[in-house]
Undergrad: 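One structure follows; several queries about it will come next.
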Amino acid sequence: MDKLTNNRLSEQLQARFAERIKNTSEPYGLYTIEVTKEDILEVLEYLKTDPQLQFNYLTDITAVHYPEQALSIAVVYHLHSLVNNLRIRIKVYIDGNYPAIPTATVLWNGANWMERETYDFFGVQFIGHPDLRRILNVDDMEAFPMRKEFPLEDPNRVDKKDYFFGR
Amino acid sequence: MIFPVNAALERYRERMDSLEPEEMVINLGPQHPSTHGVLRLELITDGEIVKEVIPHMGYLHRCFEKHAESMNYGKTIPFTDRMDYLASMNNSHGFVMGVERMLGLDQKIPKRIEYIRVLVCELNRIASHLIAIGTYGIDIGAFTPFMWCFRDREHIMNMLEWASGSRMLYNYIWIGGLFYDLPIGFEDRCGEFITYFKPKLKELEALLTKNQIFISRTANIGVLPADVAINYGCSGPMLRASGIKWDLRRVDNYSVYPEIEFDIPTGKGEMGHIGDCWDRYKVRADEVAESVRIIEQCLTKLTHEHKRTPEFDPRALVPKKVNLKAQDYYVRAENPKGELGFYFITQEKSDIPKRVKSRGPSFNNLSVISELSKGVLISDLIAILGSIDIVLGEVDR
């Protein structure tokens with residue numbers, strides 16, 4: 001079997017999912033696709049279990065907040081195939097007001113903490129996650145601090161004026 | 001915005017309120033030395049047996065990602081130092097590589113700079129592994145290795161302080177170059193250290209590796225099979241101890257690692273099963289020896305082919321302003337703990353990123369603890385936790 005490349009990967013994905021995969025690109029040789037949240041679990045499962053692809057290593061799950069877009073939260077998955085030494089990035093844009101997406105813990109146990117972190121900072125509900133608690137912030141926090149509307153520092157603080165720091 | 005009642009939190013509280021008569025909750029940490037920082041483990045125990053481990057993190061959360069969104073790339077480097085504070089050089093090297101690649105600078109960096117970077121990174125890797133080995137010894141009752149490892153690590157700290165000006169948080173590797181060239185005489189002193197350090201490695205081996213008490217405490221404890229390690233996203237020595245030859249220095253061939261000879265140690269299960277605590281210890285001990293080899297080769301290059309010259313300016317390529325187009329880039333580097341990743345999303349015509357996500361290897365390595373420590377003794381849990389080698393600065397970021 002010859003080496004798996006981005007071209008063959010894209011052909012295989014096109015053959016399997018056709019137009020359900022959108023906006024493919026290849027920034028710095030890393031094949032990137034966009035899918036909807038209805039398809040994400042199917043795509044992930046196919047990538048993981050297909051004997052030719054074997055994307056068996058979940059590197060990272062994270063999210064990005066784009067307040068100016070209609071679908072304002074992008075959940076980003078980075079997968080890695082230890083067998084083929086190839087990577088893929090999958091983006092899913094979801095509604096920022098009601099962010100919900102199926103969980104990947106059914107495929108990888110490692111997704112557990114990554115999704116907890118994403119929930120903690122962006123408020124993304126991972127449907128079916130076994131233990132979706134906050135992980136780095138305190139349990140009774142109400143905001144989701146990595147969203148853009150959340151300020152870096154409390155603007156009402158009186159002890160951190162610029163002139164104290166010579167700014 | 002919806003704030004639903006957190007069902008998982010309710011479930012967790014329910015579990016804690018409805019313990020069986022024989023169950024007891026023990027809080028391990030956050031201020032216990034064997035948790036290697038401020039990790040709090042809630043153990044549900046039955047006598048000496050651990051039935052369930054519930055980790056609580058976040059005591060050291062310093063909002064790295066939020067800070068990184070508010071300042072430019074150069075200013076973020078000191079923040080990366082504070083993630084894995086035992087291996088600051090490796091962190092900033094990973095971050096800087098990513099920004100340089102996006103700027104298109106990565107092929108233009110002079111070889112001398114790259115060799116200095118690899119040299120200081122490997123020195124820092126030795127320091128980090130020495131802490132891992134030394135504190136692992138003290139976790140399970142061996143006091144001498146702890147003192148010896150810290151003694152040898154202090155030499156490295158002093159050398160890096162000489163080069164960068166600070167003892168642990170260096171801010172030495174900059175985008176496009178270095179803070180300063182190595183101080184005059186650094187290569188000699190580093191060579192002396194290597195000559196001094198090599199016999200110490202043998203001593204350490206006699207003291208710990210073949211120590212029967214140490215073997216009894218670590219062999220066949222916390223066995224992590226390769227498929228479970230992959231499933232949990234473990235990387236670095238954790239993954240290699242499970243028998244998978246996976247080292248990003250070889251896989252990605254970044255920096256000058258392709259020009260350097262070194263081997264990738266893997267777990268072989270010499271004392272028990274592949275992937276037990278002893279294997280994880282052994283992989284780290286072997287990696288120290290490999291790092292010594294890398295340092296020797298770097299020193300040869302730095303004193304011969306890429307010598308110090310008066311006109312060499314390590315800041316020549318440092319950009320005044322990092323001007324990027326909007327793009328995504330994921331950079332990864334092999335840290336002492338595992339795969340350190342930075343996922344950049346940049347903005348058009350701005351030197352402030354839209355998002356920087358850091359993938360801390362300790363975070364993913366630690367997530368396997370609940371799986372590894374089901375039904376073990378409390379004393380074995382300490383052995384397992386020590387063998388994972390976490391740094392809480394990186395777990396919490």
Side-chain angles (χ1 to χ4, degrees), chain A residues 25 27-28 30 32 56-66 74 76 78 80 82 85 87 89 91 96-100 107-114 116-121 123 125 129-140 142-153, chain B residues 1-4 6-13 54-61 63 65-67 69-71 101-102 226-235 239 244 246 251-252 327-332 339 341 343 345 354-355 357-359 363-368 370-371 395-397:
Chain A
S25 59
Y28 297 99
L30 179 53
T32 305
N56 50 2
Y57 190 88
L58 177 66
T59 310
D60 197 29
I61 298 178
T62 188
V64 191
H65 189 206
Y66 298 98
V76 186
H78 284 92
H80 185 109
L82 288 171
N85 189 19
R87 293 185 284 164
R89 179 188 295 141
K91 288 187 175 182
N97 294 321
Y98 300 95
L107 296 169
W108 288 279
N109 289 326
N112 190 326
W113 281 25
M114 299 177 197
R116 274 178 73 183
E117 194 191 342
T118 311
Y119 162 72
D120 193 353
F121 287 101
Q125 296 282 335
H129 190 286
D131 187 23
L132 198 65
R133 285 182 290 133
R134 285 183 181 270
I135 189 161
L136 296 183
N137 291 311
V138 287
D139 283 335
D140 49 5
E142 287 197 335
F144 296 110
M146 281 301 288
R147 286 174 172 247
K148 293 286 182 191
E149 69 265 15
F150 192 85
L152 176 64
E153 276 185 275
Chain B
M1 198 66 214
I2 40 163
F3 294 111
N6 192 324
L9 189 60
E10 293 300 318
R11 273 204 302 280
Y12 160 71
R13 286 186 178 143
I54 304 165
H56 295 269
M57 291 83 63
Y59 292 90
L60 203 56
H61 178 53
C63 323
E65 289 166 18
K66 193 78 183 173
H67 276 292
E69 283 178 12
S70 71
M71 57 184 69
R101 182 84 205 274
M102 288 191 292
D227 56 333
V228 179
I230 293 172
N231 199 355
Y232 273 91
C234 296
S235 51
L239 193 59
I244 295 174
W246 183 257
V251 172
D252 278 5
Q327 58 192 328
D328 286 18
Y329 185 54
Y330 179 85
V331 67
R332 53 185 190 170
E339 173 181 339
Y343 176 41
I345 295 177
K354 192 168 189 71
R355 172 108 169 89
K357 154 84 192 181
S358 66
R359 177 211 195 265
F363 184 79
N364 292 47
N365 287 352
L366 183 64
S367 70
V368 82
S370 308
E371 170 87 16
V395 175
D396 295 346
R397 276 159 288 157

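Within every chain, numbering begins at 1; the chains are lettered A, B, ... in the order of the sequence lines, protein sequences first and strands thereafter. The analysis underlying the following values was restricted to heavy atoms, covering all of them including side chains, and did not include hydrogens, waters or symmetry mates.
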Undergrad: At a 4.5 Å cut-off on heavy atoms, which part of B/F363 comes close to chain A: side chain, backbone, both, or neither?
TA: both
Undergrad: Compare every heavy atom of A/F150 with every heavy atom of B/K66, then report the nearest pair and how far apart it is.
TA: NZ-O, 2.9 Å
Undergrad: Working to the nearest 0.5 Å, report the span between CG of A/L82 and CG of B/L239.
TA: 6.5 Å
Undergrad: Are a donor atom and an acceptor atom from the side chains of A/T59 and B/R332 found within less than 3.5 Å of each other?
TA: no
Undergrad: Is any side-chain heavy atom of A/R133 closer than 4.5 Å to a side-chain heavy atom of B/E10?
TA: no
Undergrad: Taking A/A63's backbone N and O only, do any of them form a donor-acceptor pair with B/R355's side chain (distance below 3.5 Å, no angle check)?
TA: yes
Undergrad: Supply the atom-to-atom distance B/D328 CG to A/K91 NZ, rounded to the nearest 0.5 angstrom.
TA: 3.5 Å
Undergrad: Checking A/H78 against chain B: side chain, backbone, both or neither under 4.5 Å from a heavy atom?
TA: side chain
Undergrad: To the nearest 0.5 angstrom, please state how far the NE2 atom of B/H61 sits from the CG atom of A/N137.
TA: 5.0 Å
Undergrad: Measuring only between side-chain heavy atoms, which start at C-beta, is A/Y28 closer than 4.5 Å to B/V331?
TA: no
Undergrad: So which part of B/E65 gets closer than 4.5 Å to some heavy atom of chain A, the side chain, the backbone, both or neither?
TA: both
Undergrad: Are A/E117 and B/K357 within salt-bridge range, i.e. N to O under 4.0 Å?
TA: yes
Undergrad: Distance from A/H80 atom NE2 to B/I230 atom CD1, nearest 0.5 Å?
TA: 10.0 Å
Undergrad: Return the minimal non-hydrogen interatomic distance between B/C234 and A/Y57, and the atom names on each side.
TA: O-OH, 2.8 Å
Undergrad: Tell me, side chain or backbone of B/L60 under 4.5 Å from chain A's heavy atoms, or both, or neither?
TA: neither
Undergrad: To the nearest 0.5 Å, tell me how far A/R116 CZ sits from B/S367 OG.
TA: 10.5 Å
Undergrad: Below 4.5 Å from any heavy atom of chain A, which atoms of B/H67 appear? Answer side chain, backbone, both or neither.
TA: both
Undergrad: Minimum heavy-atom separation for B/I345 to A/V64, with atom names?
TA: CD1-CG2, 3.3 Å
Undergrad: Below 4.5 Å from any heavy atom of chain B, which atoms of A/V76 appear? Answer side chain, backbone, both or neither.
TA: side chain
Undergrad: Would the distance check show the side chain of B/K354 and the main-chain N or O of A/H65 forming a donor-acceptor pair, the cut-off being under 3.5 Å?
TA: no
Undergrad: B/N231 versus chain A, heavy atoms under 4.5 Å apart: side chain, backbone, both or neither?
TA: both
Undergrad: Mind ranking A/L132, A/L152, A/N85 by heavy-atom pairs under 4.5 Å with chain B and telling me who comes out on top?
TA: A/L152
Undergrad: Got a second to check how far A/D139's CG is from B/H56's NE2, nearest 0.5 Å?
TA: 8.0 Å
Undergrad: For the residue pair B/V395 and A/L136, what are the closest heavy atoms and their distance?
TA: O-CD2, 3.9 Å
Undergrad: Sort B/S70 into side chain, backbone, both or neither according to what part of it lies under 4.5 angstrom from a heavy atom of chain A.
TA: side chain
Undergrad: Less than 4.0 Å between a side-chain N and a carboxylate O, is that true for A/D131 and B/R11?
TA: no
Undergrad: Under the criterion side chain to side chain contact (heavy atoms under 4.5 Å, CB included), I'd like the reasoning laid out for B/N364 against A/M114: C-alpha separation, chi angles, the key distance, then a yes or no.
TA: CA-CA 8 Å; B/N364 292 47; A/M114 299 177 197; 2.8 Å; yes
Undergrad: Both conditions, 6.0 Å and 45 degrees, for the charged tip of A/R89 above the ring of B/Y330: are they met here?
TA: no
